[in-house]
Every structure is written in structure tokens, then in C-alpha cells.
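Treat the numbers as computed from the prediction; the structure is a model and nothing was measured. Reckoned from all heavy atoms, side chains included, excluding hydrogens, waters and symmetry mates. By convention in this document, chain letters (A, B, ...) are assigned in the order of the sequence lines, proteins followed by strands, and residues within each chain are numbered from 1.
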Amino acid sequence: MVVLKGPQTAPPVSAHVDVNSEHIAAQLAGLRRMYTQKLQAKVTEILGGWEKVHSNDWQGADVHAVLFNVHKLTGSAGTFGFHDVSTAGRALEEALASVVNTTDAPDAAARQRVALLVTRLSDVVTRSLAHPHPEEAAPSVASVSPRHHEHSRLIFLVEDDSDVARELALQTSYFGYEVRSFERVDDMLAVAANTNPAAIIMDVMFPEGKLAGTDAVESLQSSRDTPLPVLFISARDDIQARLQAVRAGGQGYFLKPVNFGLLIDRLDEITKNFVPDPYRILIVDDDQELAHAHALMLNQASLVTEEVNDPLEVMHPLREFRPDLILMDLNMEGCGGMELTQVIRQHESHIAIPIIFLSTDTNLDNHFNAVDKGGDTFLSKPIRPEHLVSTVKTRAKRARMLRSYMVRDSLTGLLNHRVLNEHLEIEVSRARRIGSELSYAMIDIDHFKAVNDNHGHAAGDRVIKSASRLFQERLRRTDIVGRYGGEEFAIIFPHTPVEQAFAVIEEVRERFSRVKHQSDASDFSVTFSAGVTNLATHADAKSLSLAADRALYAAKSQGRNKTILGDTIAR
Amino acid sequence: MSQAASLQKILYVEDEEDIRTVTQMALEALGGFTLQVCVSGSQALACAAEFLPDLLLIDVMMPEMDGPTTFKALRATPQFSDLPTIFMTAKVQAHEIEGYKNLGAIGVIRKPFDPMTLAQQVRDLWSQHRGRT
């Protein structure tokens with residue numbers, strides 16, 4: 001990473017730099033060696049802390065201690081060349097942080113996710129130490145594919161018009177991106193030699209040349225193993241410029257004035273920033289050891305599992321754990337797999353969930369019979385781990401994709417009204433049962449009809465998309481967002497005190513009010529009103545929902561563009 | 001107290017030894033700046049008056065006194081009421097970064113940082129800040 005090729009291309013900072021450059025490279029290499037020696041010890045400390053978290057059943061203080069150490073590791077490893085370690089550390093840090101931010105003990109799925117990430121971090125460190133950094137080797141240009149570095153939000157913007165640059169940087173930052181602006185192509189190239197952004201937004205024309213942008217990108221990409229995602233922006237609409245953009249490997253071309261919404265959509269796609277949740281597998285088998293063994297096989301492949309040993313207990317985890325797939329033993333005491341499947345399929349909401357049977361039975365007739373009764377496929381025991389993982393993963397992935405068509409709104413990707421209400425029932429009953437706090441918010445875009453009337457329905461759709469994107473950006477994994485109606489949204493905040501939910505909604509409200517929307521008519525901005533309530537003072541989901549609605553109504557009648565807290569909270 | 005037009009003296013606060021060493025190299029040897037390195041918030045408060053920094057560069061997550069607390073304490077003194085400050089943090093979320101700017105920082109440098117471009121990042125944030133005032 002650090003081999004310096006003669007005089008720096010970056011603006012010289014002081015006269016003695018060039019003379020010192022080899023000395024500095026040597027110093028850095030020395031520091032890196034020292035850090036390498038300490039790296040294993042750092043990880044061992046984290047693993048020790050993790051042991052404590054386990055054995056003390058997730059005490060807050062223990063979790064915080066591990067979080068602190070992981071945070072430090074994440075923040076330092078990449079500086080010394082261990083980018084993979086920083087990436088793995090960051091994922092673990094996020095998972096731990098989300099556990100720490102809730103008011104009660106984390107559920108099994110959350111614990112498993114953390115456990116998986118701890119193992120992964122340890123593996124990454126072992127691997128990194130076994131293959132010491134090839135920094136002494138040739139080219140100085142980093143060739144890490146975007147997925148593997150920690151700058152998943154970093155965007156390089158190269159634009160010589162400072163007004164355009166400022167506006168674009170600002171609007172892009174509202175959607176969670178960190179924008180680093182450059183006025184000159186060479187400045188960006190110098191930095192890109194050592195830092196991988198998630199994507200580059202590049203103007204085409206510069207004082208340096210009418211195709212300076214596309215030329216620069218072409219040369220940048222040719223010096224890399226894996227290309228960086230690039231989007232072009234330009235006032236030029238001619239085919240020559242567009243062709244050059246294609247040849248330079250651009251993944252988008254936006255005419256100025258740039259439509260920010262479309263740009264953000266494309267940016268999301270090319271940076272692949274929305275990473276799916278791991279698949280959840282419910283294992284139903286009265287053989288406890290075998291169920292556990294299968295669970296471990298699946299965990300190794302980054303799948304989250306829950307085991308049920310008494311078939312009669314299956315309905316509860318089915319509702320709460322919400323698996324993507326059920327792995328079921330065919331021959332169980334008390335209730336056979338085929339019968340259980342039929343019971344499950346009686347429920348409308350479980351008609352589609354894939355069920356894979358496991359059995360020592362090699363009789364094909366029984367296989368067909370089982371599938372006929374509602375199972376999806378049949379696997380023979382004993383099964384090789386790789387076959388189990390492959391079959392389960394493929395089907396879980398497909399099921400999730402199909403399910404999302406049924407439960408999600410097509411414009412925004414958020415849950416639809418019906419499913420959101422189902423979730424609310426589940427979360428309310430869970431919160432009641434374990435005594436945790438639950439908050440609920442209802443949001444409605446202000447004057448939406450006017451947006452459609454003045455700017456058209458396409459613009460209206462973009463506004464809806466922007467709002468949902470901002471929510472998705474800001475909310476945690478455990479929060480549940482839905483599109484409740486035309487311009488209405490609802491958010492369920494499990495394990496969240498109402499003040500926190502209120503603060504989050506306010507943040508998004510503020511940010512949304514500053515987003516610039518565009519239409520053929522003109523640029524415009526939009527606001528929303530919101531009502532937030534807390535389960536504590538309500539008997540059930542319905543009452544909670546009504547209260548949120550009343551609070552929303554109050555926000556509207558009090559001038560809009562505000563969030564109102566419903567009820568007084570007994571503390 | 002009027003701010004310096006050019007950036008020369010940086011008060012740097014970081015609890016992790018390895019990072020201190022590499023930053024010192026990056027900012028002094030490569031960047032040509034003059035650094036006062038402190039290992040904790042309390043040490044920083046003690047030596048600020050004598051060093052008279054142009055800029056405070058401070059890690060967010062530190063034991064005992066964290067970055068923001070140290071920053072606020074320093075800003076409470078009339079001498080350093082608008083000392084330009086850059087936070088260093090491994091946190092990723094944009095709204096968190098906005099939070100630091102709302103506190104009064106001129107920018108945030110994310111960790112892990114690239115030692116070869118750290119000085120330039122500091123300069124960029126400094127120029128942006130100077131451009132605004």
C-alpha cells in the first residue's frame with residue numbers, strides 16, 4: 001500500500017517531503033510490523049471479553065467492554081493495512097451496538113448474529129496474520145473490491161463548478177453518504193491511489209479538457225484489478241460524451257441539472273449498501289443432539305437458527321422467530337412431520353413457507369407422499385453439511401424473494417399495510433409478555449395532493465421514495481417500517497423508549513424537510529407530520545394505533561411539519 | 001481571539017499508542033505540522049494554554065473523558081471558545097457525523113484512516129472551514 005513512486009502527485013506540503021519519502025515508507029513499515037505483533041493479543045482480549053458476556057448472560061457492562069475494544073480495533077487495523085479486520089470489526093461493532101441500544105436482553109437471533117461475527121473477526125485476523133501484507137511487492141494501487149473495504153459510504157465527487165458540487169454533496173449526504181469533493185481530476189486520482197471510495201461521481205467536462213472526466217476514469221480503472229463504480233454527470237448530452245462514459249465503464253449518466261432522487265437510487269444499487277439479513281431457519285427435530293448438529297452446520301454458513309425439540313411447540317417460534325424456512329424431521333414422537341406440516345399449512349400466513357423434511361427413510365413413495373402433504377422437498381439422513389447448507393440456502397433465498405412480492409409495497413420496498421399490522425400485533429404481544437418498551441409512530445406527508453397536482457405523479461412517487469429511503473437509512477435492523485397508505489408510513493420501534501423514538505422521527509423530519517425534490521415545473525421541498533406513542537399506556541395494538549393517529553392529527557392541526565408525542569407517559 | 005490564518009500547531013488527543021505514533025508520523029514528518037500529543041482529555045486540557053494550538057484533533061472514544069466532553073470543556077474557556085476542532089472516529093452513520101458538526105466541529109475524520117493522506121484530509125477540512133468564515 002505504501003510504495004511511493006518518486007515525487008508525489010499530491011500538492012507538495014513542504015520541501016523536505018521528497019527527501020524523506022523513503023524514510024517515511026520505512027518508518028510506516030516498521031510501525032505496521034509492530035502493530036502486527038500486537039494484533040493477535042488484541043483479538044485474544046476481545047475473545048476473552050466475549051467469553052464473559054456469554055457466561056454472565058449478557059450483562060451490559062461486559063457487552064460495553066467488548067464493544068469498546070472492538071471499536072478500537074476497527075478504528076486502527078485499517079490504518080496499518082489490515083482492512084479486512086476493520087471491515088469485520090465494524091460489522092461486529094454494529095451488531096453489538098444495536099444490542100446495547102435496546103432496553104432489554106437481546107433475543108436468540110441477535111445473540112447468534114453477534115456470535116457469528118465474533119467468529120468471523122477471529123478468522124479474518126488469523127487469515128491476515130498467516131498471509132502477511134504484500135506491501136513490499138509491486139504496484140501501489142489498491143485492488144480491493146468495494147465490498148471488502150470499510151468505506152462503504154464514501155463517495156468521491158469530482159466537479160469543478162463549486163455551486164453544483166456543494167448542492168450535490170449536500171443532497172447526497174442526507175441519504176447517508178459521505179461525500180469528498182474535488183475540483184480537479186488530478187487531486188482525486190492522487191487520493192484514489194490509496195483510498196477506495198464506494199463510488200465516484202464524475203463530471204465529464206473540465207477546464208483540463210472536454211472529456212477530462214471520462215479519460216481520467218478510464219485510466220483509473222485500467223490500473224485496478226476490480227473497477228470502482230462510477231456515475232457520470234454532465235451538461236453534455238451528445239453521443240460522443242455518452243459513448244466515452246460507457247467505454248470508461250460508467251454505470252450511469254445523469255444530465256445536469258441532476259435529478260438527485262434518480263442519482264441516489266443508482267448510487268444505492270452500485271454500492272449495494274443494503275445488505276440482507278441472514279436467513280433464519282427453524283429446525284424441528286425431537287433428537288436434540290442432531291437438531292443442534294444441523295444448527296451448527298447452518299451457523300457455519302452464516303445462517304441464523306432456532307431449534308424446537310417438541311413438535312407441539314412449533315407455533316410460537318413460527319410466529320416470533322419468523323423463519324424463512326423450516327427444516328423438519330419426518331418421524332417424531334407424539335406428532336409426525338407430515339401431520340405437523342398440515343397443521344402449519346392450515347394457517348394462511350404459513351402457506352408459503354418452505355418445509356424441508358429430513359428422514360432416514362429411503363423409500364421414494366414416502367418421499368412423494370410427504371411432499372404431497374405440503375412439504376417442499378426431502379433430504380435423506382445422514383446428510384453432508386454442504387448438501388444441507390446448499391439446499392437450505394437456495395430455498396430460503398427464493399422463499400424470501402417470493403415473500404417480499406407478497407408483503408412489500410412495490411414502490412418503496414417497505415412492508416405493506418396488512419403485514420405491518422400483523423407485525424404490530426406480534427410485537428405488542430411480545431412486548432407485553434417480556435415487559436419491554438414499545439413505541440409506535442405514524443407519519444403523513446404534508447400537502448401531498450398538492451405535490452401530485454403541481455409537480456405530477458412521478459414527482460409524487462419520488463417524494464414517497466425519498467421519505468422511505470430516509471427512514472430505512474436512519475432506523476435500526478430491529479425497527480419495522482411500513483407504507484401504511486398513499487402518503488402514510490408507520491414505524492414500530494421494539495425495545496425503545498418513546499423519547500428515543502421521538503428523537504429519531506424528529507431527525508428524519510428535519511432532514512426530509514431539507515431534501516430538494518425536482519420536477520419539470522420546479523424544485524420543491526416537502527415536509528411531514530408525525531405522531532409517536534408508547535405501549536405502556538395502552539391495552540392493545542388497536543388502542544396504540546389509534547393514539548398514534550390522534551397524535552398525528554394533532555401535528556397536522558398544529559401547523560404541520562412537526563412530531564407530536566401522544567399521551568402523557570407514566571414514569 | 002482571532003484564529004490563525006494558516007495551520008501550523010495541532011493539539012492531538014488519542015488514547016491508543018499505535019495510532020498516536022502513526023499519526024505523529026503522518027502529520028509531522030509528512031504534513032510538516034507541529035504536534036502536541038496528549039494521551040487523554042485531562043492532559044489535553046492541562047497543556048492547551050501553554051501550547052496555543054491552531055487546531056484540536058481529537059479521538060471520540062476514549063476512557064474516562066471522551067472526545068466531545070474534552071472539546072466542550074476546552075470550548076468553555078474564553079481563550080479557546082472557537083478553537084477549530086476535528087473529531088476522529090470509527091463510527092459510520094451519517095447522522096452521527098452530523099451530530100459532531102452540530103456540536104461545533106469543523107469536520108470528522110473517519111478511522112481507520114490512511115496515514116499517507118491524513119495530512120491532506122486535515123488541510124482540506126481546514127481550508128473548507130477558512131472558506132466559510
Under 4.5 Å from any heavy atom of chain A - which part of B/Met61: both

Side-chain donor/acceptor of A/Arg90 to backbone N/O of B/Ala90, under 3.5 Å: yes

Rounded distance (nearest 0.5 Å) linking atom CZ of A/Phe68 with atom CE of B/Met62: 9.5 Å

Check: B/Phe113 main-chain N/O paired with A/Thr79 side-chain donor or acceptor under 3.5 Å: yes

A/His71 side, atom NE2; B/Thr89 side, atom OG1 - distance, nearest 0.5 Å: 4.5 Å

Side chain to side chain, B/Gln120 and A/Asp187, heavy atoms closer than 4.5 Å: no

Neighbour count >12 (heavy atoms, 6.0 Å) for atom CD, B/Glu17: no

Side chain to side chain contact (heavy atoms under 4.5 Å, CB included) between B/Ile19 and A/Lys72, intermediate numbers included: CA-CA 10 Å; B/Ile19 298 294; A/Lys72 283 300 182 189; over 6 Å; no

Value rounded to 0.5 Å, distance of OG in A/Ser173 from NZ in B/Lys101: 7.5 Å

Structural part of B/Thr117 lying under 4.5 Å from a heavy atom of chain A: side chain

Charged N-O contact under 4.0 Å between A/Lys42 and B/Asp18: yes

Check: A/Thr74 and B/Lys111 side chains under 4.5 Å, non-hydrogen atoms: no

B/Asp114 CG to A/His83 NE2 distance, which is reported to the nearest 0.5 Å: 7.0 Å

